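Everything numeric here is computed off the predicted structure, so don't read it as measured data. Every chain is numbered from 1, with letters handed out A, B, ... down the list of sequences.
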Amino acid sequence: MALDDAGQNVTTGATEFDAVVIGAGPVGLFAVFELGLVDVKTCVIDILGKPGGQCSELYPEKPIYDIPALPSVTGQELTDRLMEQIKPFGAEFVFGERVDELQRREDGRFDLKTDAGRTIVTKVVVIAAGGGSFTPKRPPLDGIEAYEGASVFYAVRRMEDLRGKDVLIVGGGDSALDWTLNLAPIANSLTLLHRRDEFRGAPHSVEKMRALVAEGKIRLLIGQMTKVHGDNGVLEAVTVKTADGEERVVANAMLPFFGLTMKLGPVATWGLNLNENLILVDTEKFETSEKGIFAIGDINWYPGKLKLILSGFHEAALMAQQAHKYVHPNKKLLFQYTTSSSSLQKKLGVK
Amino acid sequence: MVKLTFIQPDGASQTVEVEAGLTVMEAAKLNDVAGIEAECGGACACATCHVYIEPGWVEKTGKPADIEEDMLDFAFDVRKESRLSCQIKVTTDLDGLTMRVPAKQF
């Protein structure tokens, strides 16, 4: 499922690549650089709407102190600099889509399929998915799974589906506020539930929401959900614990917005050898148990593994050497430095 | 050294000794306290190191800052005495601090 903020793709619509990098975090982005230097044309796919992965999603403004030669850099700045560094290689970016299926073809290449139905053929796959796909957090209520997709939604695909419903929106950020404002006119009734009477969302949205409450168009309830009621996936009501006790809120549609968490997701079903939800790789090529499928960064494991961005950069460089062999089997790879090689400098656009 | 006690939902209690200067989350992780996940590693970005401060200690641990309050919105069964343990620095003042681990971290 794509996330609510599914983004702006920079795609030419091409469907065949030398390499697909899954994950646009710092390590996935640097893989584009290392692959580019050895003439491997790359497409990057990420479930988020923008590059940076955890760096820009979890701590865009927090400084990182262990990137060599950068005494202090924020997650966002590191992402921006990597995007600038890989620009010469013209990688294709597909944002807001999750790779769901990966299958080897008869010709040795791979078929990839995203949750948006996009199919891509590639010679090499590089899994740089960090902690896994960012997935909406599921409220920890017993039995809520049974309602997902029918009455409980983590993103709104079609507003019309919610017309005439008794909608319960839970959360205090922008997603909760935006959907409150958007759905108020078409819902039969709308309750916004949040644990405190303060909202993280944009101040003007908070103002608009409070105006709707004052006009009696929506209800704002301060409390927390403790139980869901319903039958066969059809939600009927939710028990809410408030300062005054318990209340049963009638609702046949619920939109919980509790942020994102990381889940390994479909990678687990691709037949790769795993070690406690991490992908086993060798330390020469960072290749998985399947030839042509590599795993780099936080998602891999090998003896001595450290989940550091700088380790991921190293892994990307070694991975690219082997990827080159698969993509250009007849070409000899000459080891070169960007400082002195005129051919590398040409690729970087500095000569 | 400072003593910290974590009480699990089933009543089991574990007391750990750590040096001042660490965060309570780090103290918990170093001593394998169950139920403290700390998915983001202490960046106040995930709300999976949530604890309840025992009565009597709330004044000493202080109130959550705004960013911590915002992140607590994402935690499960948040109460008045809820804190994210990665945002509490261990000081000698906190010797004896007792906390409860919630039933779930989401």
Side-chain angles (χ1 to χ4, degrees), chain A residues 53-66 74-75 130-132 134-142 144 170-177 192-201 222-227 240-241 243 256-263 277 298 306-309, chain B residues 8-10 21-23 25-26 28-30 32 34-53 55 58 61-89 100-106:
Chain A
Q54 291 181 52
C55 281
S56 56
E57 187 64 27
L58 293 186
Y59 46 89
E61 282 146 36
K62 293 214 164 93
I64 308 168
Y65 298 107
D66 60 352
T74 65
F134 277 98
T135 312
K137 276 191 187 174
R138 165 186 285 158
L141 299 169
D142 287 334
I144 193 169
V170 195
D174 282 316
S175 298
L177 289 166
L192 173 62
L193 172 65
H194 185 39
R195 76 168 178 98
R196 54 184 177 134
D197 200 8
E198 271 171 71
F199 291 81
R200 303 183 306 281
I222 306 302
Q224 294 176 80
M225 297 188 286
T226 53
K227 204 166 187 292
V240 174
K241 191 172 79 179
F257 295 108
F258 286 100
L260 306 175
T261 185
M262 286 170 289
K263 291 251 155 53
N277 271 347
D298 283 1
L306 286 180
K307 287 188 181 183
L308 292 178
I309 293 171
Chain B
Q8 295 293 331
D10 65 1
L22 292 176
T23 67
M25 178 278 282
E26 288 166 333
K29 293 299 280 184
L30 277 173
D32 299 315
I36 303 293
E37 288 171 21
E39 221 172 66
C40 77
C44 196
C46 75
T48 61
C49 64
H50 178 201
V51 293
Y52 304 120
I53 307 293
V58 175
T61 52
K63 286 234 169 279
D66 283 354
I67 58 157
E68 186 183 340
E69 276 288 2
D70 286 353
M71 202 42 65
L72 277 168
D73 286 350
F74 298 126
F76 167 69
D77 193 8
V78 182
R79 305 176 192 165
K80 273 201 186 100
E81 63 275 20
S82 285
R83 290 292 309 267
L84 295 180
S85 56
C86 72
Q87 301 300 305
I88 308 173
K89 261 250 155 78
R100 287 180 183 273
V101 178
K104 293 175 192 171
Q105 290 286 2
F106 238 104

| message | Quick check on the interface: out of B:A75, B:A43, B:C40, who has the most heavy-atom pairs with chain A under 4.5 Å? | response | B:A43
| query | Considering residues at least two apart in sequence or located in another chain, which fulfil the ring-ring contact (aromatic ring centres under 6.0 Å, His included) criterion with B:F74? | reply | none
Distance-only donor-acceptor screen, chain B against chain A, under 3.5 angstrom:
| residue | atom | partner | partner atom | Å |
| --- | --- | --- | --- | --- |
| B:E39 | OE1 | A:T261 | OG1 | 3.1 |
| B:E39 | OE2 | A:T261 | OG1 | 3.4 |
| B:A43 | O | A:K62 | NZ | 2.2 |
| B:C46 | O | A:K137 | NZ | 2.9 |
| B:E69 | O | A:R195 | NH2 | 2.9 |
| B:E69 | OE1 | A:R195 | NH2 | 2.7 |
| B:D70 | OD1 | A:R196 | NH2 | 2.7 |
| B:D73 | OD1 | A:R195 | NE | 2.8 |
| B:D73 | OD1 | A:R195 | NH2 | 3.3 |
| B:D73 | OD1 | A:R196 | NE | 2.9 |
| B:D73 | OD2 | A:H194 | NE2 | 3.4 |
| B:D73 | OD2 | A:R196 | NH2 | 3.0 |
| B:D73 | OD2 | A:R200 | NH1 | 2.5 |
| B:D77 | OD1 | A:K241 | NZ | 3.2 |
| B:V78 | N | A:Q224 | OE1 | 2.8 |
| B:V78 | O | A:Q224 | NE2 | 2.6 |
| B:K104 | NZ | A:P140 | O | 3.1 |

